[in-house]
Amino acid sequence: MQNQKVLILDFGGQYNQLIARRVRENNVYCEVHPYDMSIEAIRAYDPIGIIFTGGPQSVYAAGSPHADTGVYELGVPILGICYGCQLLSHELGGLVTAAQDDSAREYGKTTTYFDTSCPLFNGIPGESITWMSHGDYMAKVPEGFKLSAHSAACPNVGISDDKRRFYGVQFHPEVNHTEYGRNMLHNFLYDICGATGDWTMADYKKRAIDEVRSKVGDGKVLLALSGGVDSSVAAALLAEAVGNQLTCVFVDHGLMRKNEGDEVQEAFSKWDINFVRVNAEARFLAALDGVEDPERKRKIIGEEFIRVFEEEGKKIGKVDYLVQGTIYPDVIESGKGDAAVIKSHHNVGGLPDYVDFKEIIEPLRMLFKDEVRQLGRELGLPSYLVTRQPFPGPGLGIRVIGALTKEKLDLLREADYIFRDEISKAGLEGALSQYFAALTNMRSVGVMGDGRTYDYAIALRAVNTSDFMTADWARIPFDVLDRISVRIVNEVAGVNRVLYDVTSKPPATIEFE
């Protein structure tokens, strides 16, 4: 039986993944697709509701993104957010213009007033804080719409057409700064779209196992195992689905953290699976020699991974399928259609054109990170694997800024180990979502032992997040940062300066490259 589905049409908004997470949190399945998805594809998707995301452009500008107008004739509820709200207005007979003065432009936390008789705002206070980010203004709303929310500066913060079940808001209900945003999305999904909440991880687990068994049959499967959360969960899922038809290959590319290769091998030696470790440090570093551009790094690492897996597959015998732990943010951030490429993930945008396997299987491709952890628990994985902090597939290759050398990687490994060691000693492991050291390509003058040094700066980064799509920099106590800094400068040759990154996501990403 198919789940109910919500369709999210992406107009380039920075919060598109976050909207999807909020929908999934309500036990409703959804997918993010490009704004120019054809009306035939939309009908085939068969959504119970459609959400238009925000976006950076103006709906009246030449070349701005527009959905197929047939979407308004489907009889399906639509919620437009920010740009999506203005698009509803523009397409259905309203007038959207640039704000005539600064007071009509709204950015940040804004006191907003709601008509709580509107189904979208049912059960919330008549006044609360929302998160605004718009410079355009709906000078005229379309016929059939009424104003359902306003602020001191803007009379049309929310518009609604209850008959057609079309709703628009100028603010972002998906971000935490909007106090009752989750309630509004719940109202849209359940009261307006008629959702029943049939999306559960237990159901996903069963269906994913059945699909893998059906696809693989009696074929052999090779799984690219990094030891991280995603590939570990994928391994557990495949082990349950196909048993000894699965071989897990762990490629130690020389871009791991200190002692990590041995730790991964030890962890998986306890499992009843075929485990192969390939030591490929020299091969990867040769391919990456002199490469500074992070996109090229990712693509080179992606291709080398595939080539190693192909070679290992031939040693095993005829292998039909390659399994990867790709997850949904990897897919979205790697770009799709006209969507912006934030960064090519090595196992998505970094794949070569030709892959010598019958097919690549990605059983986690439509899951967010927290959903992957839920699935891991459903599969009975130990807590230390399920809760392990994320480590990117390209490893330290994207935490060394600029060209890679073994010396730089070894330097970073030591600094990163000290950072993680001191965080553990301070009892802060459970209080941080992700933390790591990066080696900048900046060198500066220092003084050590009464002599001049000209060495590297290490950047420390720690963030807290619920979904890894937005993140806030972590407030590590100064005394802990002091101990970390003193140890790194004294114990790691080649470093004379330690920096702490206090940038949230957005505007930064969690990783440096």
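Since the model is a prediction, treat every value here as computed from it, not as a measurement. Side chains are part of it too, since the values below use all heavy atoms of this structure and drop only hydrogens, waters and symmetry mates.
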| task | Assess R497 against Y456: is NZ or CZ under 6.0 Å from the centre of the six-membered ring, and within 45 degrees of the ring's axis? | result | no
Interatomic distance, CG@D410 vs OG1@T405, rounded to 0.5 Å, equals 8.5 Å
Hits for salt bridge (Lys or Arg N to Asp or Glu O under 4.0 Å) against D252, two or more places apart or cross-chain, chain-then-number order -> R277
Q.
Quick one, Y328 and F368 - any side-chain contact, counting heavy atoms below 4.5 Å?
A. yes
From the list V175, I51, V28, L185, side-chain contact (heavy atoms from CB on, under 4.5 Å) partner of R22 resolves to L185
Side chains of E179 and T130 only: does a donor on one sit below 3.5 Å from an acceptor on the other? no
Check: residues 283-291 side-chain donor-acceptor pairs under 3.5 Å, at least two apart:
from : atom 1 : to   : atom 2 : distance (Å)
R283 : NE     : E304 : OE1    : 2.8
R283 : NH1    : E311 : OE1    : 2.8
R283 : NH1    : E311 : OE2    : 3.2
R283 : NH2    : E311 : OE2    : 3.0

Problem set entry | Short N-O contact, E371 and R24, less than 4.0 angstrom | yes
Self-check item: Check: D10 side chain, Y35 main-chain N or O, donor-acceptor pair, under 3.5 Å
Solution: no
inquiry  = Between R207 and D210 (salt bridge meaning N to carboxylate O under 4.0 Å), is one present in this structure?
reply    = no
Test salt bridge (charged side-chain N to carboxylate O under 4.0 Å, His left out) on E414 and K258 and set out the steps.
CA-CA 7 Å; E414 293 301 324; K258 186 175 180 179; 3.2 Å; yes
Contacts of R213 meeting salt bridge (Lys or Arg N to Asp or Glu O under 4.0 Å) (sequence neighbours excluded), chain-then-number -> none
Within 45 degrees of the axis of the six-membered ring of Y45 and under 6.0 Å from its centre: does K5 put its NZ or CZ there? yes
Sidechain-backbone polar pair: T453 side chain, D455 backbone, donor-acceptor under 3.5 Å: no
So the ring-ring contact (aromatic ring centres under 6.0 Å, His included) pairs with at least one residue in residues 488-513 (sequence neighbours excluded) are none
Contacts of D501 meeting salt bridge (Lys or Arg N to Asp or Glu O under 4.0 Å) (sequence neighbours excluded), chain-then-number -> R461
d(M256 CE, E281 CD) to nearest 0.5 Å is 11.5 Å
On a heavy-atom basis, the closest approach of I316 and K220 is O-NZ, 3.7 Å
message = Using only atom types and a distance under 3.5 Å, with no angle test, would you say the side chain of D198 pairs donor to acceptor with the backbone of N3?
response = no
Should we count CG of D479 as having more than 12 external heavy atoms under 6.0 Å?
-> yes
Using distance only, find each side-chain donor-acceptor pair of residues 241-250 under 3.5 Å and give its atom names and separation, not counting sequence neighbours.
from : atom 1 : to   : atom 2 : distance (Å)
Q245 : NE2    : G217 : O      : 3.0
Q245 : NE2    : G219 : O      : 2.7

Residue pair D472 / N464, side-chain donor-acceptor N/O under 3.5 Å:
no
Between L225 and S231 the two heavy atoms that sit nearest each other are CD1-OG, 3.6 Å
Taking the side chain from R298 and the backbone from E513, do they hold a donor-acceptor pair closer than 3.5 Å? yes
Sorted by chain and number, sequence neighbours left out, side chain to side chain contact (heavy atoms under 4.5 Å, CB included) with Y454 holds for R443, V445, R452
| field | T53 side chain to N16 side chain, donor-acceptor N/O pair below 3.5 angstrom | value | no
Side chains of E174 and Q17, donor plus acceptor under 3.5 Å
no
All heavy atoms of G325 vs all of A234, minimum pair found to be CA-CB, 4.4 Å
Y190 and N26 have their tightest heavy-atom pair at OH-O, 2.5 Å
| said: Using a 6.0 Å cut-off, check whether atom NZ of K425 has over 12 heavy atoms from anything other than its own residue. | reply: yes
ask   = With no hydrogens and no angle check, is any side-chain donor or acceptor of S433 less than 3.5 Å from a backbone partner on T465?
value = yes
Discussion item. Just by distance, no angles: are the side chains of N176 and R182 close enough, under 3.5 Å, to form a donor-acceptor pair?
Written reply: yes
Smallest heavy-atom separation, P34 atom then L9 atom, equals O-CD2, 3.5 Å
One should read off an interatomic distance between Q57 CD and F11 CZ, to the nearest 0.5 angstrom, of 11.0 Å
Residues pairing under salt bridge (Lys or Arg N to Asp or Glu O under 4.0 Å) where one sits in residues 372-381, two or more places apart or in two chains, turn out to be none
Sequence neighbours excluded, the answer for side chain to side chain contact (heavy atoms under 4.5 Å, CB included) partners of A208 is Y204, L237
Sequence neighbours excluded, the answer for side chain to side chain contact (heavy atoms under 4.5 Å, CB included) partners of E263 is N259
In this structure, CZ of R257 is separated from CG of L409 (nearest 0.5 Å) by 14.0 Å
Task: Working for side chain to side chain contact (heavy atoms under 4.5 Å, CB included), residues L322 and I361 - done: CA-CA 6 Å; L322 172 68; I361 298 175; over 6 Å; no
- Indicate yes or no for a side-chain donor-acceptor contact from T326 to the backbone of R365 under 3.5 Å, with no hydrogens or angles considered. no
Practice task
Decide yes or no on side chain to side chain contact (heavy atoms under 4.5 Å, CB included) for C30 and L7, but give the supporting numbers first.
Solution key: CA-CA 6 Å; C30 67; L7 173 64; over 6 Å; no
E359 meets the salt bridge (Lys or Arg N to Asp or Glu O under 4.0 Å) criterion, sequence neighbours left out, with K215
Charged N-O contact under 4.0 Å between K297 and E292: no
message: Donor-acceptor check, side chain of E429 to backbone of I423, threshold 3.5 angstrom: yes or no?
response: no
What I'd like to find out is whether the side chain of Q434 reaches to under 4.5 Å of the side chain of F391, using heavy atoms alone.
no
Across all chains, not counting sequence neighbours, the side chain to side chain contact (heavy atoms under 4.5 Å, CB included) partners of N441 are I401
Result for salt bridge (charged side-chain N to carboxylate O under 4.0 Å, His left out) between R487 and one of D421, D416, D482 points to D421
Here the gap from E407 atom CD to L404 atom CG, rounded to the nearest 0.5 Å, amounts to 11.5 Å
Steps toward salt bridge (charged side-chain N to carboxylate O under 4.0 Å, His left out) verdict (R21, D370)
CA-CA 9 Å; R21 273 306 303 123; D370 56 321; 2.5 Å; yes
| message | Any side-chain to backbone donor/acceptor pair from T440 onto M442? Under 3.5 Å, distance only. | response | yes
Minimal heavy-atom distance between P394 and I301, with the atoms involved, is CB-CD1, 3.6 Å
One should read off an interatomic distance between L460 CG and S485 OG, to the nearest 0.5 angstrom, of 8.0 Å
